[in-house]
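All chains are named by letter (A, B, ...) in the order of the sequence lines, taking the proteins before the strands, and each is independently numbered beginning at 1.
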Amino acid sequence: MRRQYPFHLIEPKWQQFWEKQQSFRAFNPGEEIPADHPFAHRHKISGKVTATQLPPKFYILDMFPYPSGAGLHVGHPEGYTATDILSRYRRAQGFNVLHPMGWDAFGLPAEQYAIKTGQHPRKTTEENIANFKRQIKSLGFSYDWSREVDTTDPKYFKWTQWIFLKLYNSWFNPETNKAEPIETLEYPTELVGRASSRADSKDGSSVASPRQDIEDKRRIYRHSRRLAYIAEAPVNWCEELGTVLANEEVIDGKSEVGGFPVVRKPMRQWMLRITAYAERLLNDLDGIDWSHSLKEMQRNWIGRSEGAIVEFEVEHSCQDCIIEVFTTRPDTLFGATYLVIAPDHWAVDAVTFNEQRPAVEAYQAFAAGKSDLERTELSKEKTGVFTGAYAINPVSGKRVPIWIADYVLASYGTGAIMAVPAHDTRDFEFAKKFNLPIVQVVQPPDSKIDWQGFTDDGTSVNSTGPEISIAGLPTPEAKKKITDWLESKGLGKKTINYKLRDWLFSRQRYWGEPFPIIWKRNANGNLFHEALPESALPLMPPELTDYKPAPGGEPPLARAKDWVNLPDGSIRETNTMPQWAGSCWYYLRYLDAQNPQSFVGNEAENYWLGARSSTQAKPASPGLSKAEWQQKFDELYEYATRNLGNEKRFIHFNTVSEEEAAFLETKTGFKLTGFRRMVDHYALRHIDVEHGGESERNRGLLPVTRDDLAMIPEIIATADDVRYSGKNRHGLDVILYIKRLNGTVFYFEEIRRANDLLAANTLYKKPATGSDATEAASSDTSETHRRTKENITSETLKNKTAVTTPGVDLYVGGTEHAVLHLLYARFWHKVLFDLGYVSTPEPFFKLVNQGLILGEDGQKMSKSRGNVVNPDDVMGEYGADAFRLYEMFMGPLEMVKPWNTNGVAGVYKFLGRVWRLFVDEKSETEFEQAEATAEMQRRGELLEKIHLSAAIKGIPASPSQLKTLHTCIKKVTEDLDGLRFNTAISAMMVFVNDAIAWETKPVSVLRDFLILLQPFAPHLAEELWEKLNIEHPTSNTEHRIDLAYASWPNFDAALLIENEIEIPIQVNGKLRDKLVILTNASQDELQAAALASEKVKSFVDGKEIKKIIVIPKKLVNIVVG
RNA sequence: GCCCACGUGGCGGAAUUGGCAGACGCGCUAGAUUCAGGUUCUAGUGAGUAACAUCGUACAGGUUCAAGUCCUGUCGUGGGCACCA
């Protein structure tokens, strides 16, 4: 294909310019802003400034890549381009944008390569990083490279190890529901206060003294509570690779690398107590703006289930023996006809009768020998053995046999179940195979449904025992009644179980972070672990020449004897951390990447995570005390929600002070001094009914609770933003208060009635996102439906101000990290939050998964298929701008879509049309001739030979030109807010298709267009912007600024309004004619015009007109009989 | 098996609260420019018809003046989980 424009010269030119100028450096509070930096020009600040003097922040993050030897594939730039476009857009809007990049560089491939070749993994890693960086830079992304992080850099992993020490030195306090320093952990009474009263053994012998003994016990107690602890756990051991593997590195029972067999093997491992956070990890999903499916995957992984633990007493064999089972269906307890315990359950040995012992032991051996693969593959066929023992069903008193079977897992619940074959599919299969009794205890709601194997809710039957009956009760009530009864009898209790397991945190590898842990021996010669002091960090791994595992399955680090054995006789931990460790907190290091004192400085953390920042402080008016309010609120709430009384009741809770009124006037235009603020019972009832239900979720909102309502005065007093949002259906002015709190945005409305009071109108809330200001104006509540749109003036829309989001404003990455990375990172963040090191409970407030890019054949790209597209090749032929544009034009970001090289050519042609919209053809021909003969190094200078087209003139734009431009501005702006890059690009294509035909092209219009184009095709836009400013110099400093910092244009809705509009005319819902008619034509005029149409007449004549639907500005539909 | 998402031309995909289906791009057809190819420009392009009519958003129903959009069922595709009691 012919070169559409000299991108091969333009792109390097601007990449060098940005690098030299450090155009995209983000500035921290207190950092020196050079006076000649475009950021300083744009915001009129320089030198050291405070957080409040800086513009609002916007943090846009990519999932940092693992720098593999294969280089970038087309999937990487997809997400990176999306975030870059958003970064450039937000920068143009005036945000201080943080957009960093780094390397998740620990990992198995570099280590495997080292084992094969002896080349140090560091060298491999550095080479791969250099290649990735070259490729990424050639795409013209606006990263702040001064914040680059590399997880394998000791300056980085020092802090990874430091965070591990925080985990090690903390425990989870169930009473406060958060992590606390281990020092706050109280010892049980038998370990308290006795140590000091006992004298040390005086003879100095090595025999453990009572004091040492109690210290050992205390140590063991503490160790058992730490968030990082040691446990014997079954791991995926790969003999060939000589290492354990993570679950995700094992595919179908074989290693992902090499396809070697993997076996389960118990080993002593470091674990992180993520299960303590299960509830919070689950609940806090509600407050963040992630896709539905992603949240669902996390919920699934956490796997919360509510149920009960029930105790079954074992008959005869062991008198004190109780087997606890976990069930989510306590209502089916009467139908439990046998028990099943896992083959490796602790009680198996105790309950088994001697005559059954050989069979039981054989089965245990059989089950233990099964791989995970076999256990699941062969799951269709149930296996198991009778132990000979019986237990007593606590509600019916009946004897039930105890079996062991491997369909029950020792690691979930209590490791034992009560089997209810009538109402559980697995128990049903098992019972049929072994001829165990099946007793119906639930009646399906539909009598046509067979009760055998019916697992849904129904009505309890056959459920009456000597002391308790739940017969006739619907399932939910039956569950409650029987659980209460069990609890009162001490036979069971309500319980919540999670599928989530603690995180296996150690690997037997070289290329990972060493644990800052040493092992010592106590007086009895037993090993115990101890943390290194923070001053010992970073703990470097030893230098090795052989990276294979040490003999006997020991990790490679064990080969370095000098490193492992310390002079005082203690020895180092030889495991290393998994690759996930470095990626759990990298987004925090970016905030303050060079800080040698701390993993992130306080001020930087506060500014960039934004939890405590508020763009404008709003003065609060005095009012009721908290206690007074709470008491009155409780009364009013009861009245509003319980009594349904009609007597009007209200609380007058404050009066607008002069100070606040001045603020409100700037935001809303109303003078409200002395207005009384009140909330009435009608408003509370309305909010409770309309916005308190679960159906809110269908509208993307969250149900409003009583506690939320109690916060009304607080929301008003501390709102992040206030604005006028039009009139309600009664013609009263509505004032909207927006308050962000713990990941939720509250929208509270007041109405201005008469001249002296404000009444609470509504309250709704939704998960926080990056663009609440825009969304609020078009939110989908019943109130906004009722409000006429005309009342929302363009003025109020323009006045919308940015609300700062806490945490990362936008995080984009692949769906492969939907569970593990995102769950681990959330977990660490919460621990750091509990310990006071970060100020938000959640790290990532908006998260988007980019869809996979498939090969041209619609198959997933792979080397073996030969359908892999190399970004370097595409950029060589079409340039980086076209590559970026195509990646975004393919379709919605989240969608899976096939690559099509012809499509690249399409957007490339579009960029060519943009080029020809601006440049003079003759000068370009001269440039091409000169370039053909010029030396390589001098070719860039020849770009100066290219001049702008003579059709570009400094004249005012015509109304139709303005309309074309503003239509484009509106569409691009709205689409970028909604991450709809593909339709934004098509809007720019429409603009260019129109503008290229103009005889004269006003400079002002082209200037605004370049600002719109800049985020998408920054190199081309910069080049044309430069030419525009040279050939059409302007006195407007806004326009002389670097394009990357030029202000995003506002669209003027007034320019988009047409005098005349084309109205479709339908007869019986079918299009029959289109009429051009005055936009503000009345319903009657529209109807008359429609009936006058000749085409319409031919369809209507001779028939009875039953009805005419007229929607002003939309359509007319004539219904005939 | 369970959970979630999605089905629109030859292809990728557009379509505010239900209101002109197919924006934009690819591909294709014809013409202009060109020795020629490529490029560029112009016109056309859901099916159907000479032109209308008519039919068209996986399928079958329903609600409505009006359905790609809402409701019910069926089929299909993609993703996740998978003996989690």
Side-chain angles (χ1 to χ4, degrees), chain A residues 1-4 291-301 303-305 307 325-329 332 340 375-376 378-380 382 405-409 411-420 423-427 429-430 455 497-501 778 780 784-785 789 815 818-819 849 851-852 856 858 885-886 889-892 894-907 909-910 912-913 916 921 971 974 980 982-990 993 996 1062-1074 1106-1111 1113-1120:
Chain A
M1 190 183 225
R2 176 184 172 266
R3 185 143 62 221
Q4 295 270 344
S291 74
H292 179 79
S293 65
L294 193 60
K295 285 187 183 181
E296 208 50 41
M297 279 164 73
Q298 292 231 335
R299 290 197 183 105
N300 233 317
W301 192 265
R304 181 184 196 272
S305 54
V325 304
F326 174 71
T327 176
T328 55
R329 292 294 301 271
T332 61
V340 185
R375 214 177 58 77
T376 46
L378 307 174
S379 66
K380 275 144 208 148
K382 294 274 181 294
D406 69 350
Y407 81 92
V408 172
L409 308 175
S411 53
Y412 182 78
T414 61
I417 61 154
M418 60 177 215
V420 184
H423 307 293
D424 181 281
T425 320
R426 296 147 304 181
D427 298 341
E429 287 170 11
F430 192 81
T455 57
N497 253 310
Y498 299 92
K499 280 198 256 179
L500 185 69
R501 301 294 144 78
S778 61
D780 186 26
T784 8
H785 278 302
K789 284 190 176 168
T815 180
V819 175
N849 281 130
L852 207 63
E856 296 220 46
L885 212 57
Y886 178 63
F889 188 62
M890 276 192 281
E894 300 93 325
M895 204 181 259
V896 177
K897 45 214 171 258
W899 183 268
N900 174 7
T901 298
N902 278 334
V904 190
V907 294
K909 266 158 56 179
F910 161 68
R913 279 205 301 284
R916 290 189 295 279
E921 252 183 83
K971 182 78 178 140
E974 290 173 355
R980 294 180 295 267
N982 53 334
T983 47
I985 292 167
S986 83
M988 289 190 290
M989 288 174 166
V990 170
N993 289 346
I996 208 156
E1062 196 182 60
I1063 299 282
I1065 312 296
Q1066 299 179 337
V1067 178
N1068 283 349
K1070 286 188 178 157
L1071 181 70
R1072 296 305 181 192
D1073 199 7
K1074 292 178 183 180
K1106 286 186 169 169
K1107 198 176 187 181
I1108 302 181
I1109 315 283
V1110 183
I1111 319 267
K1113 296 181 194 176
K1114 283 281 183 195
L1115 100 173
V1116 178
N1117 188 12
I1118 301 164
V1119 187
V1120 297

Who does B/U49 pair with, Watson-Crick or G-U, both distances under 3.5 Å? none
Could you tell me how far B/G27 sits from B/A21 if I compare only their P atoms? Round to whole Å. 28 Å
Watson-Crick or G-U wobble partner for B/U74, using a 3.5 Å limit on both distances? B/A58
Regarding the side chain of A/N300, the nearest nucleotide among B/U16, B/C65, B/C81 is B/C81
Does B/C41 have a Watson-Crick or wobble partner in any strand here, with both distances under 3.5 angstrom, and which is it? B/G31
What distance do A/D427 atom CG and A/T455 atom OG1 have between them, rounded to the nearest 0.5 Å? 11.0 Å
Give none if B/A36 has no partner; otherwise give the nucleotide forming a Watson-Crick or G-U wobble pair with it, both distances under 3.5 Å. none
Interatomic distance at C1', B/G56 relative to B/G7, whole Å: 16 Å
With a 4.0 Å cut-off on heavy atoms, is A/S411 in touch with a base, just the backbone sugar-phosphate, or nothing at all? nothing
Which is true for A/V420 with a 4.0 Å heavy-atom rule: it touches a base, it touches only sugar-phosphate, or it touches nothing? nothing
A/S305 has its side chain closest, among B/G19, B/A85, B/A15, to B/A85
Between B/G13, B/C81, B/G27, which one does the side chain of A/N902 approach most closely? B/G27
Using a 4.0 Å heavy-atom cut-off across all strands, classify A/R501 as base, sugar-phosphate, or nothing. base
For the P atoms, the ones on B/G10 and on B/G61, what distance do you get once it is rounded to whole angstrom? 23 Å
Using the C1' atoms only, state how far B/C24 lies from B/A36, rounded to an integer number of Å. 33 Å
Determine the interatomic distance between P on B/G76 and the same-named atom on B/A58; round to the nearest Å. 16 Å
Contact class for A/M895 (heavy atom, under 4.0 Å): base, sugar-phosphate, or nothing? sugar-phosphate
Consider the side chain of A/P898, meaning its heavy atoms from C-beta on, and name the nucleotide among B/G19, B/G12, B/A85 that approaches it most closely. B/G12
Considering only heavy atoms from C-beta outward, does the side chain of A/Q4 approach that of A/R913 to under 4.5 Å? no
Considering every strand and a 4.0 Å limit on heavy-atom distances, what is the contact class for A/N993: base, sugar-phosphate, or nothing? sugar-phosphate
Rounded to whole Å, please give me the gap between CE in A/M989 and C1' in B/C26. 10 Å
Under 4.0 angstrom, heavy atoms only, what part of the nucleic acid is A/N900 near: base, sugar-phosphate, or nothing? sugar-phosphate
Classify the glycosidic conformation of B/G9 as syn or anti, calling it syn when the angle lies within 90° of 0. syn
Considering Watson-Crick and G-U wobble pairs with both distances under 3.5 Å, what does B/C81 pair with? B/G1
Using the P atom as the point on both nucleotides, what is the distance between B/U39 and B/G46, in whole Å? 24 Å
Value in whole Å for how far the P atom of B/U64 lies from CD1 of A/I1109: 13 Å
Which of B/C83, B/C4, B/U40 is nearest the side chain of A/E296? It is B/C4
Among B/C20, B/C4, B/C41, the one nearest any side-chain atom of A/R916 is B/C41
State which of B/C4, B/C24, B/U17 makes the closest approach to the side chain of A/V990. B/C24
Selection from B/G25, B/A85, B/G19 that lies nearest to any side-chain heavy atom of A/R913: B/G25
Quick one: are A/I1063 and A/K1114 in side-chain contact, heavy atoms under 4.5 Å? no
Would you classify A/N1068 as touching base, sugar-phosphate or nothing, given that sugar-phosphate means primed atoms plus P, OP1 and OP2, and contacts are heavy atoms under 4.0 Å? nothing
Pairwise P distance for B/G19 and B/G12, with rounding to whole Å: 24 Å
Please measure how far the C1' atom in B/U69 lies from the corresponding atom in B/U16, and state the result in whole Å. 12 Å
The Watson-Crick or G-U wobble partner of B/A67, with both key distances under 3.5 Å, is none
Between A/K382 and A/F430, is NZ or CZ placed under 6.0 angstrom from the six-membered ring centre and within 45° of the ring axis? no
With the side chain of A/N1117 defined as its heavy atoms from C-beta on, choose the nearest nucleotide among B/C24, B/C65, B/A5. B/C65
Nearest to the side chain of A/S986, heavy atoms from C-beta on, is which of B/G13, B/C20, B/A23? B/A23
Nucleotide paired to B/A21 in any strand shown, Watson-Crick or G-U, under 3.5 Å: none
Round to a whole Å and report the spacing from CZ of A/R1072 to C1' of B/A53. 9 Å
What is the separation between atom NE2 on A/H292 and atom C1' on B/A5, rounded to the nearest whole Å? 8 Å
Have a look at A/K1074 and say if it touches a base, only the backbone sugar-phosphate, or nothing, with a 4.0 Å heavy-atom cut-off. base
Atom NZ of A/K382 and atom C1' of B/A82 are separated, to the nearest Å, by 12 Å
